[in-house]
Amino acid sequence: MPQNQETDTSESLYTLYRRGMELLEEGDFAEAAVPLKEAARQAPEKSSVREALGRALFRTRRYAEAATEFEAVVETHPVNDYAHFCLGRALTKTGETGRARHHLALASNLRPDRRDYRLYRERLAASG
């Protein structure tokens, strides 16, 4: 019986994640945050869920909450350039420019081929 409960939880988690991703892809960011938040509650160790939730929160201008999600991803995956980039962007929006510079620099250094990372890094450096 415990095995069935485990399977049910996995299916539920997967269903929540897929529904959230579909809504995210459709541009319904506020609605996407609902199942993704529940999925993150069920499995806080899942970086894919936390990253998707961070994206939904960022797009709904909930920058501090988005930063929390991206920070959780970079703590467990320190070479995830996209998570560093998103964390830097979210921190910029919350006014934490020192921390934002650090994460934008990491993203840019991890993926020097990404022009967008470099542009945001330079833009923040030029602003003060």
Side-chain angles (χ1 to χ4, degrees):
M1 192 146 193
Q3 190 176 24
N4 288 343
Q5 288 175 341
E6 220 173 274
T7 303
D8 291 345
T9 301
S10 296
E11 289 172 357
S12 176
L13 178 63
Y14 179 77
T15 301
L16 290 166
Y17 176 71
R18 280 303 325 143
R19 189 165 30 131
M21 289 303 294
E22 288 168 7
L23 291 164
L24 196 58
E25 290 166 10
E26 292 169 7
D28 197 345
F29 307 115
E31 285 299 313
V34 175
L36 291 170
K37 192 171 273 196
E38 176 57 23
R41 188 194 65 74
Q42 286 184 22
E45 75 285 356
K46 299 283 188 188
S47 62
S48 57
V49 172
R50 305 287 299 264
E51 187 175 291
L53 176 56
R55 289 173 50 207
L57 293 168
F58 186 90
R59 295 301 297 264
T60 57
R61 299 182 176 159
R62 293 160 62 184
Y63 303 119
E65 291 175 75
T68 298
E69 297 306 317
F70 293 124
E71 197 153 38
V73 176
V74 301
E75 283 175 9
T76 57
H77 296 85
V79 294
N80 182 328
D81 60 284
Y82 183 71
H84 279 289
F85 174 71
C86 292
L87 177 55
R89 295 274 296 124
L91 291 170
T92 299
K93 297 289 190 178
T94 64
E96 296 182 63
T97 55
R99 289 182 60 214
R101 281 187 185 95
H102 172 74
H103 289 285
L104 289 172
L106 284 171
S108 188
N109 290 333
L110 286 166
R111 288 288 305 276
D113 58 309
R114 292 287 305 258
R115 187 172 186 268
D116 54 337
Y117 291 4
R118 204 169 47 255
L119 285 174
Y120 277 101
R121 179 184 182 185
E122 291 168 0
R123 204 177 287 167
L124 185 57
S127 72

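Keep in mind that this is a model prediction, so the values were computed, not measured.
- How far CZ of R18 is from CG of L36: 10.0 Å, rounded to the nearest 0.5 Å.
- In this structure, the side chains of M21 and R55 come closer than 4.5 Å at one or more pairs of heavy atoms.
- Looking only at distances, no side-chain donor or acceptor of R50 sits under 3.5 Å from a matching main-chain atom of E45.
- Checking side-chain atoms of H84 against main-chain N and O of P78 turns up a donor-acceptor pair under 3.5 Å.
- Of all the heavy atoms in F29 and A56, the pair that sits closest is O-CB, 3.7 Å.
- Distance check, rounded to the nearest 0.5 Å: CG of L119 to CZ of R114 gives 11.0 Å.
- D81 approaches A107 most closely through the heavy-atom pair O-CB, 3.4 Å.
- If you take OG1 on T92 and NE2 on H103, they are separated by 10.5 Å, rounding to the nearest 0.5 Å.
- Heavy-atom minimum distance, A67 versus L91: CB-CD2, 4.1 Å.
- Here CD of E122 is found 8.5 Å from CZ of R115. Values are rounded to the nearest 0.5 Å.
- When every heavy atom of A43 is checked against every heavy atom of L13, the shortest pair comes out as CB-CD2, 3.6 Å.
- Salt-bridge annotation for E38 and R41: present, with a side-chain N of the basic residue lying under 4.0 Å from a carboxylate O of the acidic one.
- Within the model, atoms OH of Y82 and NE2 of H77 stand 16.0 Å from one another, a figure rounded to the nearest 0.5 Å.
- You'll find the side chain of Q42 stays beyond 4.5 Å of the side chain of V49, heavy atoms only.
- At distances below 3.5 Å, at least one donor-acceptor pair connects side-chain atoms of S127 with backbone N or O atoms of L124.
- A salt bridge links E71 to R99: one of the charged nitrogens lies within less than 4.0 Å of a carboxylate oxygen.
- Residues G20 and A32 share a closest heavy-atom pair of O-CB, 3.4 Å.
- Using a 4.5 Å cut-off on side-chain heavy atoms (C-beta onward), C86 and F58 make no contact.
- The aromatic rings of F85 and Y120 sit perpendicular, their planes meeting at an angle over 60°, well past the 30° parallel limit.
- Across all non-hydrogen atoms, the minimal contact from L16 to P35 is O-CB, 3.5 Å.
- No more than 12 heavy atoms of other residues, nucleotides or ligands sit less than 6.0 Å from atom CZ of R59.
- In terms of hydrophobic clustering, with Ile, Leu, Val, Met, Phe, Trp and Tyr side chains grouped at heavy-atom distances under 4.5 Å, L24 and V73 are assigned to different clusters.
- Between E22 atom CD and E26 atom CD the span is 6.5 Å, to the nearest 0.5 Å.
- Formation of a donor-acceptor pair under 3.5 Å by the S108 side chain with backbone atoms of L104 is not found in this model.
- Under a hydrophobic clustering in which Ile, Leu, Val, Met, Phe, Trp and Tyr are joined whenever their side-chain heavy atoms come within less than 4.5 Å, directly or via other members, L53 and V74 fall into different clusters.
- Looking at N80 and E51, their side chains come closer than 4.5 Å, going by heavy atoms from C-beta outward.
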